[in-house]
*Asks:* 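First the structure, which I've put down as structure tokens, then a few questions once you've had a look.
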Number of protein chains: 2
Amino acid sequence: MAAATHKLIAHAGLDAATMAAVAREAGFSVGTVQHYFASKDELLLFAYKRMTDHQLARVARMVAEGESEQLPIRAILMRCMPELWPLDEIRRGEYRVAKAFHARALDVPTVAEVARETAAVVRGQIARAVENGKECGEVQPETDAERAALELSALIAGLSDELYREPADGRSGRALVKATNAILEERLGSYFPGDCRHHER
Amino acid sequence: MAAATHKLIAHAGLDAATMAAVAREAGFSVGTVQHYFASKDELLLFAYKRMTDHQLARVARMVAEGESEQLPIRAILMRCMPELWPLDEIRRGEYRVAKAFHARALDVPTVAEVARETAAVVRGQIARAVENGKECGEVQPETDAERAALELSALIAGLSDELYREPADGRSGRALVKATNAILEERLGSYFPGDCRHHER
DNA sequence: CGAATAACCATACGAACATATGGCTTCCTC
DNA sequence: GAGGAAGCCATATGTTCGTATGGTTATTCG
């Protein structure tokens, strides 16, 4: 049911995710959906939280992969951060769902809490990466990790909007992807100017 | 009527802006609102465009003021860019309206067009500022103005979200405002490292 | 003047939706 | 094997909303 809800919102917006539509999409009756979710709010919140959990899990998996490959932290971040960008149809769908709920979060505190926490996790992970970078010499010791994380997470979110407007399969879309990658590379370079001590030879 | 629509959306979200509520808030009957707007979509689009026009006009006025004061371009940008941040109740209301319409833009092309154009104007103005900065020596000639504008506009938008979550009157809110200003200052400093030639003595 | 145009209103209509109700099956458990 | 919980469904109910309709008053202009 949560998957059906996600699909409907991604395809036609929050208003399209009526109880009847969700039931039909999931192959159940309206009554059955009601059996599992006491209210529509509950259903929507569950579907939203499910999506953010999936996203964070994907990022965590990519971090783990990068660590097992002994990549420098900067390279790991360079891989992970575009994971939240709307570069293919799946992630464009997630972008649409996320934006729909961000609007809903303005009026529904429970949704705002999920959005707030998701953002906090992302920012926290970046901040931790910067701190780790100090220990291994990639980051200068006087860098403010919280501030760096704030700028980097804001940058990702802001660039997402631009990327969504210009689908990545067009000519100008590909140029935009190159530009956003270059920006991210440059900014990571300014926060991670050094080489990892553990990779020295 | 547009003002009433704005007030309702800012205060309680898009769903609260029903024809009846708008009419009541504006002091008219439903029929009169219908007399001026052929459909609800038209009313909403008009109210949205009105808001973005106001915002862009405010920024343009601040740019003109800065120019008449002969400020360096970097200082003008440092003044203008936080104009779009939700730092007081008026701009928090505009933020809420903008976010509501951003979600709507995902499904309504006419709204998407307004959002797209507004973003393009902001990015274009920043790009022009960077180009001007090259001419007067504030910006290094090899800087890519479009890319700089892309990063700066994304940064503003992304930081808006963080600022909204933490109202500026709290203790942590004030700390966040300081942090965002510092980030903006630093980033403008990296794109505008030089002094304006016209201010040399 | 007089007619057309614009401003304005009250109310009716019909569609869409969330939720409530009551009932039917299936499967476990004591 | 009786009882009850869980899974599932069709339909009723009441609300909300956008829009349509028909009308009244004021203003403009030939």
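Source: prediction; values computed, not measured. Lettering follows sequence order; numbering is per chain, from 1.
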*Asks:* Using 4.0 Å as the upper bound for N to carboxylate O, is an ion pair formed by A:Asp53 and A:Arg58?
*Replies:*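 Judged by the 4.0 Å cut-off on N to carboxylate O distance, A:Arg58 and A:Asp53 do not form a salt bridge.
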*Asks:* Any idea how B:Tyr95 and B:Tyr164 line up, ring-wise: parallel (<30°), tilted (30 to 60°), or perpendicular (>60°)?
*Replies:*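 Parallel.
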*Asks:* Just checking, is any N or O donor in the side chain of A:Glu42 or A:Tyr36 under 3.5 Å from an acceptor N or O on the other one?
*Replies:*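 The criterion, which ignores hydrogens and geometry beyond distance, is not satisfied for A:Tyr36 and A:Glu42.
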*Asks:* Using OP1 and OP2 only, check whether a side-chain N or O of A:Tyr36 sits under 4.0 Å from D:dC8.
*Replies:*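 For D:dC8, OP1 or OP2 has a side-chain N or O of A:Tyr36 closer than 4.0 Å.
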*Asks:* Side chain to side chain donor-acceptor pair (under 3.5 Å) with B:Tyr191: which of B:Glu138, B:Glu151, B:Gln140, B:Arg147?
*Replies:*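 For B:Tyr191, the side chain to side chain donor-acceptor pair (under 3.5 Å) check succeeds only for B:Glu151.
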*Asks:* Using heavy-atom distances to pick each residue's nearest nucleotide on DNA chain C, tell me which of A:Ala38 and A:Ala16 is more 5'.
*Replies:*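 Result of the comparison: A:Ala16.
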*Asks:* Whether B:Ser29 contacts C:dA10 is assessed here as follows: a side-chain N or O lying under 4.0 Å from the phosphate OP1 or OP2. Is that the case?
*Replies:*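 Negative; the distance criterion is not met.
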*Asks:* Any idea which of C:dC17, C:dA20, C:dC9 is nearest the A:Gln34 side chain?
*Replies:*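 Nearest to the side-chain atoms of A:Gln34, counting from C-beta on, is C:dA20.
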*Asks:* Do B:Asp161 and A:Arg116 meet the salt-bridge criterion of a basic N to acidic O distance under 4.0 Å?
*Replies:*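 Looking at A:Arg116 and B:Asp161, the cut-off is not met.
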*Asks:* Can you check the A:Leu14 CG to C:dA18 P distance for me, whole Å?
*Replies:*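 The answer, rounded to whole Å, is 11 Å.
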*Asks:* Do the side-chain N or O atoms of A:His35 get closer than 4.0 angstrom to the phosphate oxygens (OP1, OP2) of D:dC8?
*Replies:*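 Answer no for this pair, as no side-chain N or O of A:His35 is under 4.0 Å from OP1 or OP2.
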*Asks:* Could you give the CZ-to-C1' distance, from B:Arg24 to C:dC9, as a whole number of Å?
*Replies:*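 Atom CZ in B:Arg24 sits about 16 Å away from atom C1' in C:dC9.
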*Asks:* Can you tell me which nucleotide in C:dC17, C:dT19, C:dC9 comes closest to the side chain of A:Val30?
*Replies:*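 Selected nucleotide: C:dT19.
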*Asks:* In terms of side-chain heavy atoms of B:Phe28, which of C:dC9, D:dC17, D:dA20 is nearest?
*Replies:*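 Closest nucleotide to the B:Phe28 side chain: C:dC9.
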*Asks:* Return the value, rounded to whole Å, for the distance between atom CG of B:Leu43 and atom P of D:dC17.
*Replies:*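 Rounded to the whole Å, the gap is 15 Å.
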*Asks:* Nearest whole Å is fine: how far is C:dA20 P from A:Phe37 CZ?
*Replies:*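 So the two atoms are 16 Å apart, to the nearest Å.
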*Asks:* So which nucleotide from D:dG18, C:dC9, C:dA18 ends up closest to the side chain of A:Lys40?
*Replies:*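 That would be C:dA18.
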*Asks:* Mind calculating the distance between CG (B:Asp41) and P (D:dC17) to the nearest angstrom?
*Replies:*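 It works out to 16 Å between those atoms.
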*Asks:* Tell me the interatomic distance from B:Met19, atom CE, to C:dA15, atom P, rounded to whole angstroms.
*Replies:*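 Result: 19 Å.
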